[in-house]
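Notes follow once the structure below has been shown.
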Amino acid sequence: MTAISRSDGTTGAGDHLVIPDGGVPAGPKRRKGELGYRLAVGWLVLVIFVCFFGDWLWFVKDPGTLNASSGIKSGPSGDHWMGTDALTRDMFARVVSGGRESLMIGGIATAIGMVVGGLLGLVAGYFRGWVDSLISAATTIIFAVPALVLVLFVAALRANSGGQSRTSLIGALSILAIPPITRIVRASSLQWSEREFVQAARVIGAKNGRILFRTVLPNVVPALVSFAFLALGITIVVEAGLAAIGGSIPEDTWGKIINEGRGTLDLQNAPHIAMAPSLVLFLTVLALNWVGDSLVRKLDIREALL
Amino acid sequence: MKYALTRLAQAVVILIVVTFLTFWMQTLLPGNPCIVATGGLTSDELVAKCEVDLKVGENVFVRYADWGTNFISGDLGESYVNGRTVWDDLKQRFPPTGFLFLYSQVVALGVAVPGGIWAAYMAGRKAKRNIPTWLPFAIVGGIVAVSIALGTSVFTLILLAIFATVVIQTLRGGAAQDQLVSASAFFLLSVPVVVLAIVGQWLFAIRWNLYDLSGYTPPSEGLFDHVKSLWLPSVVIGLSLSPVYLRLLRADMIQNLQQDFVNVAKAKGMPPSTILLRHVLRPSTLTLLTVAGLNVAQLVNGAVIVEVLYDVDGMGSYLVSKFLGREFIVVQTLVALIATIFVLANLAVDLFYGVVDPRVRVERSKG
Amino acid sequence: MTDAPPLTESDDAPSDQPLLRVEDLRVTFDSPRGMVRAINGVDFTLEQGKTLAIVGESGSGKSVTARTIMNLLPSTATIEGTIGFDDLDLRNVSKARAKHLMGVDIAMVFQDPMTSLNPVKRIGAQLTESMRYHLGMSRADATERAIELLGKVGIPSPAQRIRQYPHELSGGMRQRVVIAIALACEPRLLIADEPTTALDVTVQKHILDLLGDLQAEEGMSMILITHDLGVAAGRADEIAVMYAGRIVERTSATQLFAESRHPYTDALLRSIPQVSQPSHTRLTPIPGRPPDLINLPDACAYAPRCRFAQADCLESVPPVQGVAGMHEFACFFPANTDRGREALASNVAAGTTAAGLEIEGYVSGGVS
């Protein structure tokens, strides 16, 4: 073996403990990362709580009520934290209800992606052979179409003449979420299926289904869950993109509010209409990526120690 | 060579399956596709022509074979709403998107390559100056407090705080600079293209009046006007692509910097710039290439959004207009076209590997 | 105690000042677990044209010593002490001088030829690079010299090899290329860091012979780093044995094999097979493990594994003693001396050393 040492401090001392210039610093960065991780989790909890319980929260107004006295497209104020829109509705309330829609659509699509992609990946990694080839080929084919185009196409086909429906949108987004989740889970499943205890279970004649769900699945779950955060971020962003170009559902989502406020005049005179949902969308995606990234990193450490 | 052929065959199979699936899904739409696809907005003659063209009533395989033959021979069908052929439209629509792709890749690599190299070089180095962790927080906090007292806008405040952070991290030197670059890349990665485009539009087109949302100007009408008409969309797409390149390049270069051959180069007394650019960057370009291939998807996503938002009459906005106009037959053809470009781009990248990395070449000629 | 016979080796040094002078070198690394004390006070000198072998287990600090001289340590390392080379202080060289120092005056051969060549650059480019940079040679001149060098290190049809990539060569051939690269600018000091460890046994001898021949030809000084006393034997003028970041014994090769003083050297010698021994002689392994460099005790680092260990050994670090520049060792109870024999005898009688190591009957002394 070469004398390349690792920067994680696992090497024995001495000759080979040459921490190369490229080593990733440990210590203070880890502490900072921990703070960011907590902030990210805190933001996600806050956003989810406010969005889903907004109707019962005193500080969230009704998104449909007109506030004629507040004026059209008035900027942020103590009364209207994110200002008002063209119909004098409260922007904060709209961002909250739009967030509920965005999170729900993204969440359900990701959940479907996790269940379907998880099962496919699990099976592909465990059985290998033609099952694996088939599933891998299918993911490759879906990967051949860029995400937004794929969603646009599937949603277009599923749309009725009355416009885009929530179900068809969720369906399209979950088709998007399945392949990457399948790949991640397949890799993890492949790795775990090679392990001694799984081999041992095979040798003593345990049924495949039992091994898969009792032995392999629990070990694959960490990878699945940490990637789910990233996948949720992706689906929310794709939905926002679709909405911004006018291809999403008629209900308010973050993307749709952005689309509403993106006209030159509005950006000039009332930038808060586009900027408020943009900021919340960005922070939410940032938090999702942060949590997902931290989990992946934590997971890797645990796997390396095993 | 054998490898190239295998990969080519693979790509062809993928393309056939993808195009067939999109075609098949399109035929699943209830009712006469010619009427559904045009929303009944068109004349009876066009519907009749459409039915003949699409061989409506035949089974799906016959129709796919017909469509596929036309597709390969360059006949991409026509819009039965206005009678224009898709090919004619695309000829007009292609240049803006082509230039947009080119410029955004230039921007993305222009940001990511120096950033990635710098971050990798600085990672794990000792700090030049020992600035305690609380100090930057105190300074940024101070700026915030002073700004609030002076009543400056939130926007100026954010800019000031970012500026202060950059200065402090740069003063710290060493790994702090890597942290700065990596953190910026992570933030940028989390900005949805929509948000980036909207903020870009707000800042540059409206607040600072540095960009006209007047659409695309071809280079024939003056290079300056041409660049002026595309710079903001290119920067937006480029910035959204760059963190992907940057993070991968950084990780890869850090790994390469730990290789023995870097020590050998140092022991040879080669200067750091030679080591970084000649010895470390070249093996890393392999990774960069792979990502460049995969990034075509991200590029397409970005182009679709940015073209619509910035009124660029390119292929992305063409696709969206056909989608919103419910011309599913055209949409399907466009999706097939995009998938083809995407798969071919990845194929090209894959085959180009061998040129960059001789090890791959040998492995492939063996296998 | 200092009953070493006088030596002749160091008497006929050609110049008044040795080429390389390392004084009280200390290197520590900052690691997440704490300070790693990789080198704890290393002193040695190396005359022009001589070979010094540094021998030790992995973790003894021999490679770190080499990398410190080459200035290859990461910035997380803290270095103390002085390294003199010719009339230079290597730790404080002017920028202008440093530019053409490493690779020109001092060169290094690394352990693993499989990884020490850049996989995506041709052999020729890697060979000519330093000549063109340091000596300002033209591409054609450098290529010509590269071919000549490849021939010198025993590579057949060198003109063709120039155009090949590393993966097209065998391990032994690659190490020859690495040696050629090191020799490109005719260095005065060559550091070979375990140059044969990664190679097949059959190739090892060729490479070592090649290094020896080249050294004689070019009149270079050489530091040969190895974990194998057998490699050092017959090829080094002087041998330094390192343990836990210190040189525990340093003397001429002949003296070391004839009359080792440090119990660690003694144990090392017993753990390698010798032709002179009758077949089926049992080799004696060294018990225990190398110490943790983060929590080095204020005592002899070898004491826990030492059959000679007494209470003194656990109380302070033994200073260097013996004849300066001829036979130096850091031990309170040196092997092959009366004091050592007494210490061992008392340990054998007690069945255990002062550090608690259980021992059985074991006779001290050189190779009898």
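Labels below follow one simple rule: chain letters A, B, ... track the order of the sequence lines, proteins then strands, and each chain is numbered from 1.
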> Please walk me through it: do A:T110 and A:T235 pass side-chain hydrogen bond (donor to acceptor under 3.5 Å, both in side chains)?
Replying inline: CA-CA 7 Å; A:T110 307; A:T235 48; 3.2 Å; yes
> Going by the angle between their ring planes, with limits at 30° and 60°, are B:F20 and B:W24 parallel, tilted or perpendicular?
Replying inline: parallel
> For the residue pair B:F187 and A:W290, does the interplanar ring angle fall in the parallel (under 30°), tilted (30 to 60°) or perpendicular (over 60°) class?
Replying inline: perpendicular
> Would you say B:E307 and B:P233 make side-chain contact, with heavy atoms under 4.5 Å?
Replying inline: no
Give, as side chain, backbone, both or neither, the part of [X] having an atom under 4.5 angstrom from any heavy atom of chain A.
X      : value
B:V300 : side chain
B:L299 : neither
B:V194 : side chain

> Under the salt bridge (charged side-chain N to carboxylate O under 4.0 Å, His left out) criterion, do A:R94 and A:E260 qualify, and how do the steps go?
Replying inline: CA-CA 12 Å; A:R94 286 192 67 195; A:E260 205 179 290; 2.7 Å; yes
If you tally heavy-atom pairs under 4.5 Å against chain A, which of [options] wins?
options                : value
B:L15, B:V18, B:T340   : B:V18
B:Q10, B:Q298, B:Q332  : B:Q332
B:V262, B:I198, B:V304 : B:I198
B:V320, B:V199, B:N301 : B:N301

>> Which residue in the set A:I236, A:T167, A:L169 passes side-chain contact (heavy atoms from CB on, under 4.5 Å) when paired with A:I105?
In response: A:L169
> Residues of residues 276-289 of chain A under 4.5 Å from chain B (heavy atom pairs)?
Replying inline: A:S278, A:L281, A:F282, A:V285, A:L286, A:N289
>> Quick check for you: among A:L150, A:V149, A:I245, A:N259, which has the greatest number of heavy-atom pairs under 4.5 Å with chain B?
In response: A:I245
> Given the options A:A147, A:A240, A:A137, which has more heavy-atom pairs under 4.5 Å with chain B than any of the others?
Replying inline: A:A147
>> Looking at A:W43, I'd like to know if its CH2 atom is crowded, meaning that more than 12 non-hydrogen atoms belonging to other residues, nucleotides or ligands lie closer than 6.0 Å.
In response: yes
> Got more than 12 heavy atoms from elsewhere within 6.0 Å of CH2, A:W130?
Replying inline: no
> Any donor-acceptor pair under 3.5 Å linking the side chain of A:W254 with the backbone of A:V95?
Replying inline: yes
> Under 3.5 Å, is there a donor-acceptor pair between the side chain of B:Y310 and the main chain of B:I305?
Replying inline: no
>> Heavy-atom cut-off 4.5 Å, strictly under: side chain, backbone, both or neither for A:D293 against chain B?
In response: side chain
> Between B:R250 and B:S182, is any side-chain donor less than 3.5 angstrom from a side-chain acceptor?
Replying inline: yes
